[in-house]
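The chain is numbered in sequence order, starting from 1. Bear in mind that the values here come from a model prediction, so they are computed numbers and not experimental data.
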Amino acid sequence: VGGLAALAAAWLAATTAQAAPFVVLVVAAVALVGLWLGAMPAIAAYIVAGVVMVIGALPPAGSAISTSDVARLAAFAIGSPLVIMLAVRAEWRDRDSRRASEATASIERLVSNERLAAAAARRELNAALEQVEQERIRLGEVAEAIPEPLIVYDAAGRGSYANRAALRTFGRSYYDR
């Protein structure tokens, strides 16, 4: 692609007698190769176009290279590497963007799995709490059904539960000790 662009620029320069403006065609071709195919093909196009342009700019034996050819080669030598550098930067950004997208997708999957695990744990906890509440109600019913006084004290020695028989027998003050 670079060689064809250089040949087309040289042909256009020969037909119009203006060499320098057509270097833009070669730089644009290298840029398009860089954007479509990447930096390495752009470097290859740059090298091929450079060789073709240097060969085309060589003057016949005994004459000097023209100023327009020097300007054309200088513009190509400066412009194309800048374009290739932009293509390399675009590839790096594209790579970094892909990595960031992959990391985001991985984290989103992890978060989704954690949410599912948290929801399952929440359901399990709620079921256990419901079971404990049902056991507490059932124990309360059993304790109330016992005709003997029953008082439960906590570790600090305070009454935490007394059935009706205990309250009838000892009163509230015994429970509150």
Side-chain angles (χ1 to χ4, degrees), residues 1-137 154-156:
V1 172
L4 291 175
L7 289 174
W11 177 74
L12 288 171
T15 59
T16 61
Q18 293 179 342
F22 296 105
V23 78
V24 172
L25 175 70
V26 181
V27 172
V30 170
L32 290 174
V33 168
L35 290 175
W36 285 332
L37 302 176
M40 293 308 291
I43 291 171
Y46 171 69
I47 291 170
V48 170
V51 168
V52 170
M53 288 180 70
V54 166
I55 291 172
L58 289 176
S63 59
I65 190 167
S66 70
T67 306
S68 63
D69 286 338
V70 170
R72 180 177 56 160
L73 290 173
F76 174 75
I78 293 169
S80 291
L82 292 175
V83 169
I84 292 171
M85 185 177 67
L86 292 174
V88 168
R89 285 182 59 197
E91 284 179 358
W92 289 347
R93 286 188 178 161
D94 185 46
R95 182 196 65 217
D96 292 344
S97 176
R98 263 188 312 222
R99 285 181 181 165
S101 293
E102 290 168 0
T104 299
S106 174
I107 289 173
E108 285 175 351
R109 283 189 303 272
L110 180 64
V111 166
S112 177
N113 290 340
E114 291 297 323
R115 281 187 185 143
L116 291 174
R122 196 175 305 111
R123 284 190 302 274
E124 188 177 318
L125 177 63
N126 287 338
L129 287 173
E130 179 65 30
Q131 184 179 4
V132 166
E133 183 62 23
Q134 289 173 359
E135 289 291 324
R136 189 192 65 74
I137 290 170
D154 63 11

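When each of L110, V111, T104 is tested with E108 by the rule side chain to side chain contact (heavy atoms under 4.5 Å, CB included), just one qualifies, namely T104.
For E102, there are no salt bridge (charged side-chain N to carboxylate O under 4.0 Å, His left out) partners, not counting sequence neighbours.
Within the structure, salt bridge (Lys or Arg N to Asp or Glu O under 4.0 Å) pairs that include any residue of residues 81-100 comprise D94-R98 (at least two apart or interchain).
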Give every donor-acceptor pair under 3.5 Å between a side-chain atom in residues 113-128 and any protein atom, sequence neighbours left out.
unit_1, atom_1, unit_2, atom_2, d
N113, ND2, R109, O, 3.4
N126, ND2, R122, O, 3.3

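The distance from the CD atom of E133 to the CD atom of E130 is 7.0 Å, given to the nearest 0.5 Å.
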